[in-house]
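What follows is a single structure, written as structure tokens, with notes after it.
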Amino acid sequence: RQGSSVRILDLCCCPGLKLCAIADQVPPGSTVVGVDISEQRMALCRKIIQKYQIEATRGSINSSPPNVKIQLYCQDGTT
């Protein structure tokens, strides 16, 4: 259905530019989940997402328009 929200998983999501590009393309109300094993790379990813003007709230990162939530997890995506 066109316009329906989606949930997208991005493994090895750092440095975060792809996450931002995906967030630009998904319908409002969607969630983009980013997973990377490196805490240092995740810190860079958070900075890039903030530079992209998406603000962090309660462990997730939410944008104003287009109302897309980005969730970041520092985990091993291979298991």
Side-chain angles (χ1 to χ4, degrees):
R1 295 180 303 196
Q2 188 174 5
S4 296
S5 64
V6 295
R7 188 169 167 93
I8 296 177
L9 173 62
D10 181 9
L11 294 175
C12 301
C13 67
C14 295
L17 300 174
K18 182 176 30 164
L19 278 172
C20 293
I22 292 169
D24 260 349
Q25 299 299 314
V26 296
S30 296
T31 301
V32 181
V33 178
V35 178
D36 202 284
I37 194 168
S38 168
E39 184 57 50
Q40 288 177 328
R41 290 175 53 86
M42 282 300 245
L44 174 60
C45 186
R46 286 184 193 95
K47 286 180 184 180
I48 287 175
I49 291 170
Q50 288 171 351
K51 185 175 182 177
Y52 185 71
Q53 298 179 345
I54 300 173
E55 297 182 16
T57 59
R58 297 186 189 198
S60 295
I61 300 174
N62 296 306
S63 63
S64 295
N67 195 23
V68 173
K69 183 176 4 177
I70 296 178
Q71 296 175 324
L72 298 176
Y73 298 94
C74 187
Q75 299 288 324
D76 183 350
T78 62
T79 57

Leu17: side-chain contact (heavy atoms from CB on, under 4.5 Å) partners, not counting sequence neighbours: Ile48

Side-chain heavy-atom pair Lys51, Lys47 within 4.5 angstrom cut-off: no

Straight-line distance of Cys74 SG to Met42 CE, nearest 0.5 Å: 5.5 Å

Heavy-atom pair of closest approach, residues Val68 and Pro27: CG2-O, 4.0 Å

Residue list, side-chain contact (heavy atoms from CB on, under 4.5 Å) with Ile37, at least two apart or on another chain: Asp76

Heavy-atom side-chain proximity of Leu72 to Val33 below 4.5 angstrom: no

Arg7 side chain to Thr31 backbone, donor-acceptor under 3.5 Å: no

Flag, side chain of Ser5 to backbone of Ser30, donor-acceptor distance under 3.5 Å: no

Co-membership, hydrophobic cluster, residues Val35 and Ile49, 4.5 Å side-chain: no

For Leu44 against Pro15, the heavy-atom pair lying closest together: CD2-CB, 3.8 Å

Cluster overlap Leu9 with Val32, hydrophobic side-chain contacts below 4.5 Å: no

Closest approach of Leu19 to Cys13 (non-hydrogen atoms, all atoms of both residues): CD1-CB, 3.9 Å

